Amino acid sequence: MISVKVPASSANLGAGFDCMGVALKLYNIIEVEEIEKGLIITSSPDDPSIAKDENNLVFKAMKTVFDEVGWYPRGLRINLINEIPLTRGLGSSAACISGGIYAANLLCGGKLSEEEMIYLAAKMEGHPDNSTPAMIGGLVFAVLEDKKVNYIKFVVPSRLKFAVFIPDFQLSTEYARNILPKYIEFKDAVFNIGRAALFASAITTGNYELLPAATQDRLHQPYRKKLIPDFDKIVNLALEAGAKGAFLSGAGPSIIALVDENYEIFEQNVKNVLASIELSANWDFMILEADNSGATVFSVQSTSLKR
Ligand SMILES: Nc1ncnc2c1ncn2[C@@H]1O[C@H](COP(=O)(O)OP(=O)(O)O)[C@@H](O)[C@H]1O
Ligand SMILES: N[C@@H](CCOP(=O)(O)O)C(=O)O
């Protein structure tokens with residue numbers, strides 16, 4: 001049995017739609033084992049949206065590796081231990097895809113390079129900003145090309161924290177992508193380009209005072225916030241509590257805020273306000289650090305199956 005640990009991820013990071021994302025210390029564990037025959041899939045906690053057949057996202061990701069290398073197990077047992085909330089904008093799908101590809105590559109003897117795995121995952125997900133940090137960790141600037149992903153990984157210092165606000169309702173990424181406009185005004189494109197560049201410079205040089213300006217967006221949040229009634233209240237709450245920027249996590253509905261070393265004061269301020277304001281949904285709140293490792297082998301136990 002091979003066990004792989006794969007992190008959650010928060011994509012876009014404000015202005016960097018489809019090209020910036022960070023891995024977070026919140027994990028799924030994917031356990032895989034070759035068996036004599038058949039496909040057995042279990043998950044905990046179980047969730048009706050998690051398929052237990054060949055439609056399962058982890059299995060589909062594993063199959064892309066088997067198809068790529070031309071090797072197939074006789075049968076497969078997959079056990080999923082899920083900490084990443086599903087369909088909340090925290091990269092649960094990317095964790096399945098990158099974790100499944102990473103696990104399958106281990107199962108077939110490591111035939112794919114890291115670059116090939118990164119590309120396979122981004123191609124399957126459709127954008128590289130979740131799957132790449134889920135695979136390699138860190139805060140990643142990434143662009144999906146025809147046959148590869150061009151990326152830079154930045155190792156995030158522990159002084160930068162990520163406050164995550166998670167509501168009790170789901171918003172599928174597919175739906176949240178379909179509502180985006182096909183065309184935007186030139187000035188909105190220019191607005192985002194500048195802030196994405198400013199974000200990359202501010203985060204890598206530690207100029208966190210620039211982050212509130214650098215995390216503003218006109219490409220996706222103005223459209224998606226209409227689906228999240230408490231969006232403005234939560235963003236303003238975080239900024240007033242001292243966050244260095246607050247914005248939609250991925251396609252939402254979760255909201256994420258950047259917090260520096262004064263995070264304990266921030267946390268207390270947020271908890272006080274969350275308990276007192278009227279909101280349309282119940283919101284969980286946690287402060288996470290960035291994960292700088294990505295998908296890793298959690299454990300390997302020798303399998304009983306002899307070829
Ligand atoms: N642990 C999991 N096991 C199997 N499938 C999963 C798991 N987590 C997510 N998925 C699949 O991914 C879908 C959610 O993907 P998506 O809408 O992109 O949400 P997110 O913002 O969490 O990535 C779920 O409906 C399910 O099909
Ligand atoms: N760039 C994507 C990111 C989706 O992230 P997820 O965690 O919500 O799947 C988008 O904004 O659609």
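Residues take their numbers from the sequence shown, with the count starting at 1. Each ligand, and each atom within it, is numbered from 1 in the order the structure gives. A quick note: this is a predicted structure, and the numbers were derived from the prediction, not measured.
Counting only heavy atoms of the protein, atom 16 (P) of ligand 1 lies nearest to Thr173 OG1, 3.4 Å. Looking only at protein heavy atoms, the nearest one to atom 27 (O) of ligand 1 is Ser49 O, 3.9 Å. For atom 15 (O) of ligand 1, the closest non-hydrogen atom of the protein is Ser93 CB, 3.3 Å. The single protein non-hydrogen atom nearest to atom 4 (C) of ligand 1 is Ile50 CG2, 3.6 Å, given as residue, atom name and distance. The protein non-hydrogen atom at the shortest distance from atom 12 (O) of ligand 2 is Arg177 NH1, 2.7 Å. Looking only at heavy atoms of the protein, atom 11 (C) of ligand 1 is closest to Leu57 CD2, 3.8 Å. The closest protein non-hydrogen atom to atom 4 (C) of ligand 2 is Asn130 OD1, 3.4 Å. The protein heavy-atom contact nearest to atom 14 (C) of ligand 1 is Thr87 OG1, 3.6 Å.
At a 4.0 Å cut-off, not a single heavy atom of His220 sits close enough to ligand 2 to count as contact. Distances from ligand 1 to the non-hydrogen atoms of Cys96 include at least one value under 4.0 Å. At least one heavy atom of Leu86 sits under 4.0 Å from some atom of ligand 1. Residue-ligand proximity: Gly89 is placed with a non-hydrogen atom under 4.0 Å from ligand 1.
Remark: the Asp46 side chain and the Ser43 side chain contain an N/O donor-acceptor pair separated by less than 3.5 Å. For the residue pair Glu289/Tyr263, the side-chain donor-acceptor check at 3.5 Å is not satisfied. Counted by atom type alone, Ser254 and Ser249 present zero donor-acceptor pairs between their side chains at under 3.5 Å. In summary, the side chains of Asp217 and Asn12 do not present any donor paired with an acceptor at a separation below 3.5 Å, with no hydrogens or angles considered. Side-chain contact annotation: Ser293 with Asp291, donor-acceptor N/O pair under 3.5 Å absent.
Geometrically, Arg195 engages Phe191 in a cation-pi contact, judged by NZ or CZ lying under 6.0 Å from the ring centre and within 45° of the ring axis. For the pair Lys244 and Tyr208, the cation does not sit on the ring face, since its NZ or CZ is not both under 6.0 Å from the ring centre and inside 45° of the axis. In this structure, Lys5 forms a cation-pi arrangement with Tyr27, its terminal cationic atom sitting closer than 6.0 Å to the ring centre and no more than 45° off the ring axis.
Residue Ala11 has at least one heavy-atom neighbour below 4.0 Å for each of these atoms of ligand 2: 3 (C). Atoms of ligand 2 lying under 4.0 Å from any heavy atom of Thr173, numbered from 1 in the order shown and given with element: 4 (C), 6 (P), 8 (O), 9 (O), 12 (O). The ligand atoms of ligand 1 that sit less than 4.0 angstrom from a heavy atom of Leu80 are 3 (N). Taking every heavy atom of Gly91 and a limit of under 4.0 angstrom, the matching atoms of ligand 1 come to 23 (O). Against a heavy-atom cut-off of under 4.0 Å, Asn28 is close to the following atoms of ligand 1: 1 (N). Interface of Asn12 with ligand 2, defined as ligand atoms under 4.0 Å from a residue heavy atom, comprises 1 (N), 2 (C), 10 (C), 11 (O). Annotation for ligand 2: atoms under 4.0 Å from non-hydrogen atoms of Asp129 are 1 (N), 2 (C), 3 (C). Remark: ligand 1 atoms within the under-4.0 Å shell around heavy atoms of Asn82 are 1 (N). Remark: ligand 2 atoms within the under-4.0 Å shell around heavy atoms of Phe17 are 10 (C), 11 (O). Heavy-atom proximity to His127, at under 4.0 Å, picks out these atoms of ligand 2: 2 (C), 3 (C), 4 (C).
Of the polar atoms of Ser92, at least one N or O is found under 3.5 Å from an N or O of ligand 1, judged by distance alone. Close N/O approach between Val58 and ligand 1 is not found [any backbone or side-chain N/O within under 3.5 Å]. Considering backbone and side-chain atoms together, Ser9 places no N or O closer than 3.5 Å to any N or O of ligand 2. The shortest N or O to N or O distance between Gly91 and ligand 2 is below 3.5 Å. Below 3.5 Å of separation, one finds no N or O of Ser172 facing any N or O of ligand 1. The N/O atoms of Asn56, backbone and side chain alike, include none that comes under 3.5 Å of an N/O atom in ligand 1.
Within the 4.0 Å heavy-atom criterion, both parts of Asp18, backbone and side chain, lie near ligand 2. At a 4.0 Å heavy-atom cut-off, ligand 1 does not touch Glu174 at all. The part of Arg224 lying near ligand 2 is the side chain, judged by heavy-atom distances below 4.0 Å. Looking at Ala251 against ligand 2, both its backbone and its side chain come within 4.0 Å, counting heavy atoms.
Residues Val58 and Cys96 share a closest heavy-atom pair of CG2-CB, 3.6 Å.
A 4.5 Å side-chain heavy-atom check between Leu86 and Ile50 finds at least one atom pair inside the cut-off. Using a 4.5 Å cut-off on side-chain heavy atoms (C-beta onward), Thr87 and Leu171 make no contact.
Phe285 is linked by a ring pair (Phe, Tyr, Trp, His ring centres under 6.0 Å) to Phe165, counting only residues two or more places apart in sequence or in another chain.
No more than 12 heavy-atom neighbours from other residues, nucleotides or ligands sit within 6.0 angstrom of CD on Glu174. Under a cut-off of 6.0 angstrom, the local environment of CD in Glu54 is sparse, with at most 12 non-hydrogen atoms contributed by other residues, nucleotides or ligands. The environment of OH in Tyr175 is sparse: at most 12 heavy-atom neighbours from other residues, nucleotides or ligands sit within 6.0 Å.
The distance from the CZ atom of Phe59 to the OG1 atom of Thr64 is 10.5 Å, given to the nearest 0.5 Å. Atom OH of Tyr102 is separated from atom CD of Glu114 by 8.5 Å, given to the nearest 0.5 angstrom.
Cluster membership check: Val4 shares its hydrophobic cluster with Trp71, using side-chain heavy-atom separations under 4.5 Å among Ile, Leu, Val, Met, Phe, Trp and Tyr.
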